[in-house]
Amino acid sequence: MNVSAPLDQVKGVGEKTGAQFEAAGIHTVNDLITFLPRAYEDFSHVTSIADVKPGKQTIKARCEKIATRPVRRGLRITTATLADETGKLQAVWFNQPYRETQLKSGEEFYFSGEFEFNYNKYQLTNPSAEKVSEMPVQTDRILPTYRAIHGLKTPLVRKILNELRPLMTMLPETLPLSLVKSEKLASHSEALLGMHFPETIDDITKAKERIGFEELFALLLASQLNRIENAKLKGWLIPFEQSIVKAFVAQLPFELTGAQRIAAWDILQDFEKEIPMSRLLQGDVGSGKTVVAGLAARQAAHEGFQTAIMTPTEILASQHAETLNKLLSPFGVKVGLLTGSVKGKARETLYTAIANGDVDVVVGTHALIQSTVHFHRLGFVVIDEQHRFGVNQRQALLSKSEHMPHLLAMTATPIPRSLALTVYGELDVSVLNELPKNRKPIATKIWSPNSRPQLYGLIDEQLSQGRQAYVICSLIDNNPDNELKSVEAEFKRLNQKEFKHRRIGLLHGKLKSAEKEAVMGQFAAGELDILVSTTVVEVGVDVPNATVILIEDADRFGLAQLHQLRGRVGRSSFQSYCYLMVSSSKAPSQRLKEVEKSNDGFYLAEVDLRLRGPGEIYGRAQHGELNLQVASLADTKLIARAQKAAKAFVSSGDDLLQYKQLHRDVEHYQRLTTLN
Ligand code: ADP
Ligand code: MG
């Protein structure tokens, strides 16, 4: 049998089973053998009940008594008495009432779970249960569990995979042999056997290391190759003219920070090369990325090149258009705004102006990538809050030019270096590691609901001094209707009670664009004291006079999100305050304490990576697209090894085409991670 054979050639796969595998996206033998276990049950150490100790334990026992009772809404507890020859113990499951049906037969099961102190006594908590009679081979005691496939029970999946075991032992190597040897990796065949049929925990570790390495190696090789290919592209040469840049800098209402100067210099240097720039501008919230992009756009416009700046929200687009217009119009540079709410005649006129080159800088949402938008001479593309966009959107914008335009991707979500390498390829990186001189650190404090009156007093004091405040309400249960309710209720309450003497505005995603813009405009102009808002202001919004942000139900937000929200204040020389209101009197989470403790986005990103893993940090879309089965983007050691190996492979001149599987994987990743 061959790995590309259809599944129905495997013993045990009939028409029905085959259809169920098909529905789960498993069509060939190869699909099945690379359908890797999600977790393992370890039955290799069975303890008799008399010897059970606190910690992870496995016993072989029968269920004597079992019952389920509701405790409160949303919680049902199933308790059972389990017995072997040496004694009895209690097991407990939370919200798994089906255990009753499963265990009532009185048959013998392996139970594996945490033996711990729970509800005032020692119990086995949420143990898994495997029928002893269904254990595949007498010697296998570590059992893989797989992602559920509708209609297929795990024992059957294991049995079918067992049929493929002989085939797996004969699979040829997929990586260069020299690499397997120098990295001391398990072979391809050993790794698959280790994943599906481990005898020891060590077998699993070795298998995961090998497969994880292979995934990262392919990913990093892809980014190296992208980089090489990018270097072969012809781009636009935009010469640097000192007098132009000097004049721009001279009219700024502030002095550029050292970090801003260096970043601007990096960009202007790249402009002068014929290879298109691909640069990531990382800078914590409030570090002043917009003006760096504006400076570069000024230089581009001087040479007759257009700039496109794409932002994730309309609010941000119109704000940027206004800011840039102020900075650029003195030099005769024309700025246009293209969002979904520019309609009819105005839109047609703008399209024409973009196509004729009458507009130099176009700021917009993803409206920019529509096929109806044609540029005259697009030389420079800026993606603001880059992690909010998918690969395809970035590519769509870049493709609107005859030659590959220069690309500046900006993000306020600091990405640890190791991560940046994997998803953004070998991007050049500029970092704004310095805030403008006039800034004072934001004072952050966690508050509990019973101190509200005192807190409102503090906020009112700020308002009396002429400052402004945000009140952020969360999205309850991910339901936009609830979100509306909570933000509207809060708006009403503050309006009628605590802040009835203040001017309050309301902002949320369900308002029409024009309404959003109007409210935002009023707040920016100082015509409102308080803005009650959902997270629509989360990214980018810049109202320097706002010095207070109160985040309601702060425990519902992620760490990166809290840091972003906090970044709406602390944008001027005034002392700013961030108040994190917890929703109950429970102790505040680790996350909140970290935000209270630190203003450093890079530090918080590392913490976030540790607490939640990279998917959340990156933008879920991109992480999801990569579809890594085993490798973790938090595994910096393995990333470093794979990175080194990928570099060595590229410079060795070894031909990728000889390694069919690897070649396929690399091509797949190249498409996902390329910038162009
Ligand atoms: P972000 O990096 O979060 O996108 P912005 O570009 O929105 O930050 O800048 C934040 C605020 O800081 C803006 O009001 C901007 O005008 C101001 N700013 C930018 N650079 C400086 C500087 N060098 N000195 C003082 N203020 C600055
Ligand atoms: Mg910004």
Side-chain angles (χ1 to χ4, degrees), residues 236 238 248 290-291 293-386 388-390 392-410 509 511-521 524-525 536 539-542:
W236 301 106
I238 307 176
F248 177 87
T290 317
V291 66
L295 184 153
R298 166 68 191 116
Q299 178 69 78
H302 178 72
E303 295 296 328
F305 290 100
Q306 289 174 302
T307 297
I309 302 181
M310 187 157 71
T311 68
T313 65
E314 292 203 356
I315 292 176
L316 198 50
S318 58
Q319 179 194 287
H320 277 353
E322 197 175 314
T323 309
L324 292 168
N325 189 43
K326 252 185 242 152
L327 296 176
L328 296 170
S329 60
F331 304 103
V333 175
K334 296 229 166 46
V335 179
L337 172 65
L338 179 62
T339 62
S341 51
V342 179
K343 294 213 169 80
K345 189 96 199 324
R347 198 175 184 95
E348 291 307 318
T349 314
L350 184 56
Y351 281 162
T352 311
I354 297 172
N356 292 342
D358 292 342
V359 179
D360 304 291
V361 177
V362 191
V363 187
T365 53
H366 49 263
L368 286 175
I369 59 184
Q370 281 166 1
S371 58
T372 37
V373 182
H374 300 284
F375 284 85
H376 172 63
R377 202 161 172 239
L378 180 61
F380 181 32
V381 165
V382 180
I383 314 270
D384 194 19
E385 309 293 347
Q386 120 85 27
R388 292 279 178 125
F389 292 98
N392 294 339
Q393 291 167 311
R394 198 166 59 195
Q395 285 166 4
L397 187 52
L398 287 167
S399 69
K400 289 189 178 287
S401 177
E402 190 182 326
H403 290 315
M404 175 61 62
H406 296 289
L407 171 73
L408 184 67
M410 309 204 289
L511 293 178
K512 293 214 181 72
S513 308
E515 294 170 321
K516 272 189 244 173
E517 248 169 69
V519 176
M520 206 53 234
V536 290
V539 290
V541 166
D542 184 45

- Run the side chain to side chain donor-acceptor pair (under 3.5 Å) check on E314 and T365 step by step: do they pass? CA-CA 6 Å; E314 292 203 356; T365 53; 5.2 Å; no
- Give the intermediate values and the outcome of side chain to side chain contact (heavy atoms under 4.5 Å, CB included) for residues M404 and L398. CA-CA 7 Å; M404 175 61 62; L398 287 167; 4.2 Å; yes
- Do I315 and E517 pass the side chain to side chain contact (heavy atoms under 4.5 Å, CB included) test, and can you show the C-alpha distance, the side-chain angles, and the key distance before you say yes or no? CA-CA 6 Å; I315 292 176; E517 248 169 69; over 6 Å; no
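Although no hydrogens or angles enter the test, the distance criterion places a donor-acceptor pair under 3.5 Å between the side chain of Q306 and the main chain of I354. No donor-acceptor pair under 3.5 Å is formed between the side chain of H406 and the backbone N or O of G379. In terms of modelled atom types and a separation under 3.5 Å, the side chain of W236 and the main chain of L378 share a donor-acceptor contact. T313 places a side-chain N or O within 3.5 Å of a backbone atom of L316 that can act as its donor or acceptor partner. Side-chain atoms of Q299 do not come within 3.5 Å of backbone N or O of A296 as any donor-acceptor pair.
A heavy-atom distance below 4.5 Å is not found between the side chains of L407 and F380. The shortest side-chain heavy-atom distance between R298 and H302 falls under the 4.5 Å cut-off. Two residues are said to be in side-chain contact when any heavy atoms from C-beta on lie closer than 4.5 Å; T323 and D542 fail this criterion. In this structure the side chain of L350 reaches within 4.5 angstrom of the side chain of V359, judged on heavy atoms. At a threshold of 4.5 Å between non-hydrogen side-chain atoms, the residues M310 and F389 count as touching. Taking the side chain as every heavy atom from C-beta outward, H320 and D384 approach each other to under 4.5 Å. The shortest distance between side-chain heavy atoms of V381 and T307 does not fall below 4.5 Å.
Other residues, nucleotides and ligands place more than 12 heavy atoms under 6.0 Å from the NE2 atom of H403.
Scanning both residues, K400 and L368, for their nearest heavy atoms gives CE-O, 3.2 Å. Scanning all heavy atoms of the two residues, the minimum distance from R347 to T339 falls at NH1-O, 2.9 Å. Across all their heavy atoms, A367 and G340 have their closest contact at CB-N, 4.3 Å.
Evaluation of the side chain to side chain contact (heavy atoms under 4.5 Å, CB included) rule for A321 yields V335, L337, V363 as partners, not counting sequence neighbours. By the side-chain hydrogen bond (donor to acceptor under 3.5 Å, both in side chains) test, T311 pairs with no residue at all, sequence neighbours left out. For F248, the ring pair (Phe, Tyr, Trp, His ring centres under 6.0 Å) test picks out no residue, with sequence neighbours left out.
A cation-pi contact, defined as under 6.0 Å to the ring centre and within 45° of the axis, links R377 to F305.
For the atom pair CG of L397 and CZ of F375, the computed distance is 6.0 Å after rounding to the nearest 0.5 Å. Going from atom CG of L338 over to atom CD1 of I369 covers 11.0 Å, rounded to the nearest 0.5 Å. From S513, atom OG reaches atom NZ of K343 across 6.5 Å, with rounding to the nearest 0.5 Å.
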